[in-house]
Amino acid sequence: MTEAAAAQAPKPNRKSTGTGWFALLSRNHLALAGLVVVVVIVILALAAPLLPLADPNATAPADRLLRPGEGGHLLGTDALGRDILSRLLWGTRVSLAVGLSATVLAAVAGSLIGLVAGYAGGRVDNWLMRGIDMIMAFPYILLALAIVAALGPGLLNALYAISVVNIPFFARNIRGITLGLSRREFVDAARLSGQSHTRIVLSEVLPNVLPVIVITMSTTVGWMILETAGLSFLGLGAQPPQADLGSMLGEGRKILFTAPFVSIIPGLMILVLVMAINLLGDGIRDVLDPRLKSGALSRPVARTAIRRDSAPADRRHLPAVLEVQDLQTQFHVKRRVYRAVGGVDLHLAPGECLGLVGESGSGKSVTAMSIMGLVPTPPGRIVGGAAWLNGADLFGMSDEQIRRLRGAAVSHVFQDPLSTLHPLYRVGDQVIEALRAHAPLTHRAARDRALDLLRLVRIPNPEERMAAYPHELSGGMRQRVCIAMGLANDPEVLIADEPTTALDVTVQAQILSLMDRLRQERDAAILFITHDFGVVSAICDRVAVMYAGRIVETGTTADILAQPLHPYTDRLIACVPVLGQPDRPLAAIPGRPPSVDALPPGCAFAARCPRAQPVCSAREIAFETVAPGRAVRCLFPLEPSNAG
Ligand code: ADP
Ligand code: MG
């Protein structure tokens, strides 16, 4: 069962990221148009020897300067009576070949220099980069001219010159990225496993910089074709009688006024070709950029899209600051629909701490982020339900109203403080920014208030710490800074999404007692997300247990810990070790949660449940209230006698 599940595991992953490159590219209409034009031109150029074209170099003085269409010459003839169509296609072939070869040469040489410099660092880096600086110190085209002048005119020498002047682009780009990568943990791990430097560069670093190399190539190849044409135009590239686009342009220049078509035709070809390649290059860059992959090319909007078919008519008028009813959030990826949250009810009284518990992937974060519209759209959308903050309908508000509430009335503390804090700003400034985003404070007043907040979350030496950057603080300190930012505007609701999961146990205990005291002193309600019942017992008043996007049991912490009703809750509690009971067996829950894009009918836990009967999978299971404040979604809940 477990093995079968493990074997299936990579499948949904591959599918969800498998937005094919062509599908992504075709969303960018300009890039697609570029691709079509490039493909047509390349096919024509490749097919030049097969097409029934005149000899591009055969002169015919009698047929000089025929206009397009005259004498069977579709695009006319040039000053020596050569067929322009034939020269154009053969010339495009040469220009493309030279441009592409120059790009590959520059990419290989530049990337190699960048990789070595970035990986080796120190003196090697210094020498290589000073060499690159020297190339960059000369005006670009002047250097190319100087190189060709030294080597002698000719297409091959033009190719070398263009490659050399483009090496710095690759070298600098790749060096920067390699520098960052070569200090990363996975490279250290490869070093520790005894791999040679060459092997590390080739197998660890290179695959990570390859997309950047391809992106740089796709965005420079157009320029290189243009530069080759430039050199040929000046008579330094292709030598007569050979045609390339630049030399055709150069030959036509002298008769621009008497026979403009001779220069306009190759000129148009250069324009169309380079523009198409650049548009395509931009498209390729977008497709290869991993940051754009998951959300496709459509950038997420500032707030989750709300497309509700059904909305609850009214709230239940509990004494609640926050109430969520029948929340349904889905992710639409290609044709798949991930029902991450499938109808969740929650409510939070002032000063109350509700624990939202469940295995990873059960939909806790998506539930919490849906409340303030923080789920990225696309692919996420809220398809049903409602949320009220102090009676105000959150899903019905304007974007501006929601923006004013975010970080003020409702604030969020995320799991990983290192990725939540901006790495380049001092933590003090980040707390000040959180304050000033919602209150018209002077900088001095905000600074004093930030100091108070840092003191409040027990950061020692707050005056000094204000000036520290996130990386200079320990994990626990950073999380405290995030909590301070969360508390900056006296929120009524604090949503803490696994805030202690990344911390060690002693720091975790400190943060928990800090949050507990803050909620008692400030009367803030806390939605505390965790997968750890140990943490729940330390801080939460009530618990909602979540499985596959739905709440399966709620009740007070004491009740649930003493007597879980849902078999899933029971197994979750059994996973927590108890101090002083070393012999107590820790029961892992067999199997895995179902994928939310293919939920089984009936109870989603049935496949892993020891008490399941066929009827559990037959129909929807109601969420039944068994006692005031206690509800469970199970047909065969545990009896008090055999609980625990
Ligand atoms: P957790 O309970 O661990 O916080 P989440 O709320 O993050 O779980 O995720 C719930 C489900 O939503 C997961 O099964 C995941 O597959 C799905 N999901 C989350 N984000 C996305 C996304 N951007 N695209 C598609 N599916 C997503
Ligand atoms: Mg989560």
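Just follow the structure's listing: the first ligand is 1, and inside any ligand the first atom is 1.
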Name the one of N390, I371, L348, I526 that satisfies side-chain contact (heavy atoms from CB on, under 4.5 Å) with V493? L348

Determine yes or no for a side-chain-to-main-chain donor-acceptor pair under 3.5 angstrom, with E433 supplying the side chain and Q430 the backbone. no

Does any N or O atom in E498 lie less than 3.5 angstrom from one in ligand 1, N or O only? no

Looking only at non-hydrogen atoms, which of S370, P594, S365 approaches atom 7 (O) of ligand 1 most closely? S365

Do any nitrogen or oxygen atoms of T367 come within less than 3.5 Å of a nitrogen or oxygen of ligand 1? no

Per-atom contacts of ligand 1 with A340, taking only distances under 4.0 Å to non-hydrogen atoms: 11 (C), 12 (O)

Side-chain (R611) to main-chain (P637) donor-acceptor, under 3.5 angstrom: yes

Given 3.5 Å as the limit, does a donor-acceptor pair link the side chain of T500 with the main chain of Q508, or not? no

Has ligand 1 got any nitrogen or oxygen that is less than 3.5 angstrom from a nitrogen or oxygen of V366? yes

Any heavy atom of G358 closer to ligand 1 than 4.0 angstrom? no

Looking at G342, is its backbone amide N or carbonyl O close enough to the side chain of R550 to form a donor-acceptor pair, meaning the two atoms are under 3.5 Å apart? yes

Would you mind listing which atoms of ligand 1 come within a distance below 4.0 Å of any non-hydrogen atom of S360? 3 (O)

Heavy atom under 4.0 Å from ligand 1: found in V596's side chain, backbone, both, or neither? side chain

Tell me whether F331 has any N or O atom under 3.5 angstrom from an N or O of ligand 1. no

With a cut-off of 2.8 Å, does any N, O or S atom of S365 fall short of it relative to the Mg ion (ligand 2)? yes

If only atom types and distance count, is the side chain of T557 paired as donor or acceptor with the main-chain N or O of C540 below 3.5 Å? yes

Of all heavy-atom pairs linking E553 and I560, the shortest is CG-CD1, 4.0 Å

